[in-house]
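Within every chain, numbering begins at 1; the chains are lettered A, B, ... in the order of the sequence lines, protein sequences first and strands thereafter. Keep in mind it's a predicted model, so treat the numbers as computed, not measured.
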Amino acid sequence: MHTKLSHQELAFQEDVRVFMRENFTPELAEKIAHPATFKSATIEWQKRLDSRGWAANGWPEEHGGGAWSATQKYIYCNELAAVGAPDVIPMGIKMLGPVLYSYGSEEQKQKFLPATKSSDMWWCQGYSEVGAGSDLAALKTRAVRDGDDYIVNGAKIWTTYAQYADWIFCLVKTSDEGRPQGCISFLLIDMKTPGISVSPIISIDEEHHLNEVHFENVRIPVGNRIGEENQGWTYAKALLTYERTAIAGVAYCKHTLEKVRKLASQGGEESLSLLDDVDFQARLADVEIEFMALEFLELRVLSSIDNGEAPGMESSLLKLKGSEVQQLVQTLLWDIAGSSGGMVPDMHDAKALWECQGNVARREYMFGRAATIYGGSNEVQRNIIAKYALGL
Amino acid sequence: MNFSMTEEQLMLKDSVAKYLQDTYSAEHRVNILKQTRGYSAENWQTFADLGWLTVPFAEEDGGFGGNISDVSIIMEEFGSALVIEPFWSGVVLAGQLIARSNNDSLKKHLMPTLMSGEQLVSFAFLEPQSVFMLNHLTTTATKVGDNYLLSGEKRVVLNATADSILIPARTAGDGSSEQGISLFLVDANGPGLQRDVYRLMDGQLAMDIRFDGIQVSSARMLTAEGEAFPLISEVVSEALVALCAEAVGAMNHLYKATADYCRTREQFGVAIGTFQALQHRIVDMFMATEQCRSLLMRAQCSILDGSSDIQRDVAALKVMIGKHGRHVAEEAVQLHGGMGMSNEMPIGIYLKRLMMIDSYLGNKDHHRRQFCKLRYCA
Ligand SMILES: Cc1cc2nc3c(=O)[nH]c(=O)nc-3n(C[C@H](O)[C@H](O)[C@H](O)COP(=O)(O)OP(=O)(O)OC[C@H]3O[C@@H](n4cnc5c(N)ncnc54)[C@H](O)[C@@H]3O)c2cc1C
Ligand SMILES: Cc1cc2nc3c(=O)[nH]c(=O)nc-3n(C[C@H](O)[C@H](O)[C@H](O)COP(=O)(O)OP(=O)(O)OC[C@H]3O[C@@H](n4cnc5c(N)ncnc54)[C@H](O)[C@@H]3O)c2cc1C
């Protein structure tokens with residue numbers, strides 16, 4: 001057991017480092033950070049990553065993926081985090097991608113994989129409904145067969161970035177017989193199809209990430225169904241384990257902890273050097289120690305994927321611990337933000353305040369509360385571990 | 001020993017609760033926030049008409065003659081309904097500084113207008129370098145003839161639309177001395193006062209102010225020159241207790257709202273409140289609220305008894321409110337799932353309010369340091 005890097009790995013690290021320095025420019029970072037330019041700048045960034053074959057690094061080589069080892073993934077994420085660069089938006093490349101190449105038809109693979117990989121197709125995830133959150137199988141959005149089409153009626157909620165999406169992957173009900181899990185199909189839907197409307201939900205960070213997506217007699221070709229009718233649950237569940245691995249946010253934690261350390265040593269806004277305060281040191285140390293274990297948990301998961309095992313129980317563990325450590329880090333960040341942490345930019349010089357550290361801390365803390373809710377809430381993850389790992 | 005409320009207190013509690021229940025809905029609050037003042041002038045007038053603005057003040061000044069318990073009763077109801085009107089900053093904090101000052105002519109002139117709702121005052125206590133210490137002041141007041149010239153900078157002055165501002169400034173002494181602090185009443189709209197107004201995440205309008213040599217008459221100084229610190233310290237202690245009462249009201253609302261939600265929200269064919277994993281969490285929210293309520297009562301008692309432990313008890317209370325207040329609100333968000341993350345539900349607003357309460361007049365870390373100083377270093 002060791003974590004020493006080989007010569008090739010060191011060379012890879014240097015390659016990524018140089019790329020990040022040259023491509024993740026302050027101008028691009030600023031554009032990604034602002035809602036008005038977020039979408040175009042994110043696409044530009046992902047295209048740059050894709051130009052090196054890094055955007056879809058987890059995909060098989062035959063579909064343009066990197067066939068990376070666990071170590072390479074780890075190196076890559078660390079270099080991203082070191083400059084504060086975001087990883088790709090997960091919905092398309094990280095969540096849908098594996099479903100497409102594992103269960104999609106040849107035609108679907110050809111139509112969707114390249115465009116998804118190159119970020120020319122922005123995906124959102126249409127799983128949750130008002131009555132179907134943790135109990136996903138209770139969903140009611142219905143697809144009724146009509147010749148070569150399905151007619152879809154219903155509504156999805158909490159759909160992240162639906163306002164930007166070109167396509168949505170949806171779970172819909174196609175039967176009423178037997179277990180609810182056996183009545184669900186997996187559909188790919190073009191957001192421009194007539195009958196779809198999107199309405200915003202403002203979250204407690206005062207921003208617009210979330211949406212409701214309504215379907216009124218939306219006509220979808222049967223060819224846009226993944227796999228078999230009524231087998232959607234199987235594909236969806238496979239996808240969830242990838243989602244959980246993606247949202248552990250380990251690299252984000254590392255980057256943000258570094259930021260906390262830096263800000264605390266400058267002395268925040270109120271001129272006191274927090275890092276000299278033993279109380280604060282102890283708090284920071286507690287969080288860092290949790291993080292150190294988390295970092296190795298991720299490596300353990302990555303290396304088991306490396307050995308050909310699908311991410312299973314460890315992905316629940318990683319999601320649980322990762323989301324909890326994220327929140328600890330965000331809380332620290334808010335606590336050291338000083339008085340600007342409480343300000344919202346609705347009337348003030350919005351741009352200046354948007355960029356101010358306290359404001360970033362407020363938004364990250366507030367939106368970060370969701371990390372223990374989405375992707376299968378932490379309570380549900382604990383139920384899963386209790387049942388399947390501990391036999392309770 | 002007696003912890004029960006008097007007849008009068010029960011009536012006060014009922015009338016405030018009933019009024020808020022009938023009029024102060026979440027939508028009402030959203031509409032208020034759209035108004036430029038950041039609160040409703042109409043509501044403020046109603047509060048005045050109902051006599052609430054007189055509660056903390058002595059009968060000989062025309063007040064109701066209430067004490068910290070009476071004020072806390074109002075604050076707790078306000079916390080439960082998320083009232084945004086500046087009762088705490090204007091009446092409990094600034095109002096009491098004026099009422100307990102010994103500038104009788106200023107008092108005579110000002111108190112009736114405060115209690116009638118015509119005038120609002122705010123207290124500008126925080127400076128960029130002060131790290132919540134009320135005695136760490138660099139704002140200066142220099143005497144020139146019958147006037148003082150004030151120069152300095154204050155942060156996060158609550159109620160940005162107040163008519164006047166109480167500004168503590170040094171007439172003598174160095175950086176952290178308790179001697180040499182004087183308190184001036186300054187026209188908020190007068191010349192030379194630069195204001196930078198912004199909204200806080202709990203919806204209030206606050207401002208940073210700067211002034212360089214603004215002139216204030218010595219008739220507008222609240223105590224004898226250099227002797228304002230004991231007044232400030234006493235009033236701030238009580239105001240902290242009142243603020244914590246608001247927090248207890250908010251926490252009380254949150255655990256109840258969360259229990260209600262879990263009773264009605266169904267997943268997997270049953271109410272989510274039937275899951276023991278959630279039941280224990282709500283019980284913990286309830287327990288945290290009751291722990292805070294006990295410390296709130298303890299602090300009130302020490303004020304009413306004139307105990308020598310007031311500072312310690314207040315610090316302990318503020319520490320616990322800071323810690324448990326945020327935690328209870330975070331749990332409320334979590335147990336509401338996606339709904340807790342949406343601004344359409346007020347759950348997140350309670351979280352923001354509780355976080356702001358923690359930050360006012362010293363957060364939990366600050367008050368824990370004060371507690372340690374008082375208990376272990378005295
Ligand atoms: C920021 C954000 C982004 C999201 N993005 C998307 C998206 O892009 N696409 C999408 O489809 N969905 C998305 N979601 C939805 C998310 O997946 C759901 O919110 C989540 O599944 C929880 O469902 P719910 O909100 O209905 O809460 P509920 O299921 O009603 O849960 C309420 C509370 O009860 C608890 N609970 C539920 N069941 C149990 C149980 N059996 N035992 C113990 N506790 C339980 C939950 O943990 C939670 O604390 C997003 C949500 C958020 C907050
Ligand atoms: C030092 C000591 C002194 C004692 N003295 C006396 C005595 O004088 N007289 C007397 O009658 N008894 C006495 N007891 C027994 C005591 O009352 C029992 O131990 C207690 O009721 C728990 O029962 P149990 O040991 O069978 O554990 P169990 O009931 O089997 O509980 C095991 C664990 O499961 C948990 N658990 C059980 N039910 C639930 C539930 N519904 N939800 C969630 N968690 C649950 C418990 O909290 C515990 O952690 C004593 C016990 C001890 C340890």
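Salt-bridge check for A:E324 with A:R382: passed, with a basic side-chain N closer than 4.0 Å to an acidic carboxylate O. Salt bridge B:R326/B:D358: absent, no basic N to carboxylate O contact under 4.0 Å. Between A:E206 and A:R363 there is no salt bridge, since no side-chain N of the basic residue sits under 4.0 Å from a carboxylate O of the acidic one. Ion pairing between a basic and an acidic side chain is recognised when a charged N comes within 4.0 Å of a carboxylate O; B:R210 and B:D196 show no such pairing. Between A:E212 and A:K156, none of the side-chain N atoms (NZ, or NE/NH1/NH2) sits under 4.0 Å from a carboxylate O, so this pair counts as no salt bridge.
Residues meeting the ring pair (Phe, Tyr, Trp, His ring centres under 6.0 Å) test with A:W158, sequence neighbours left out: none.
Taking B:M345, B:M339, B:Q204, B:M356 one by one and counting their heavy-atom pairs under 4.5 Å with chain A, the maximum is reached by B:M339. For the set A:F280, A:W334, A:F367, the entry with the most heavy-atom pairs within less than 4.5 Å of chain B is A:W334. Heavy-atom pairs under 4.5 Å with chain A peak, among B:S359, B:G348, B:G338, B:A206, at B:G338. Among B:E266, B:R368, B:E344, B:M201, the residue making the largest number of heavy-atom pairs under 4.5 Å with chain A is B:M201.
In this structure, chain A has heavy atoms under 4.5 Å from both the backbone and the side chain of B:V333. Heavy atoms of A:A370 lying under 4.5 Å from chain B belong to its backbone as well as its side chain. Heavy-atom distances place both the backbone and the side chain of B:M355 under 4.5 Å from chain A. At a 4.5 Å heavy-atom cutoff, the contact between B:L351 and chain A is made by side-chain atoms alone. Heavy atoms of B:I349 lying under 4.5 Å from chain A are absent altogether. Heavy atoms of A:A137 lying under 4.5 Å from chain B are absent altogether.
Side chain of B:Q267 to backbone of A:G131: a donor-acceptor contact under 3.5 angstrom is found.
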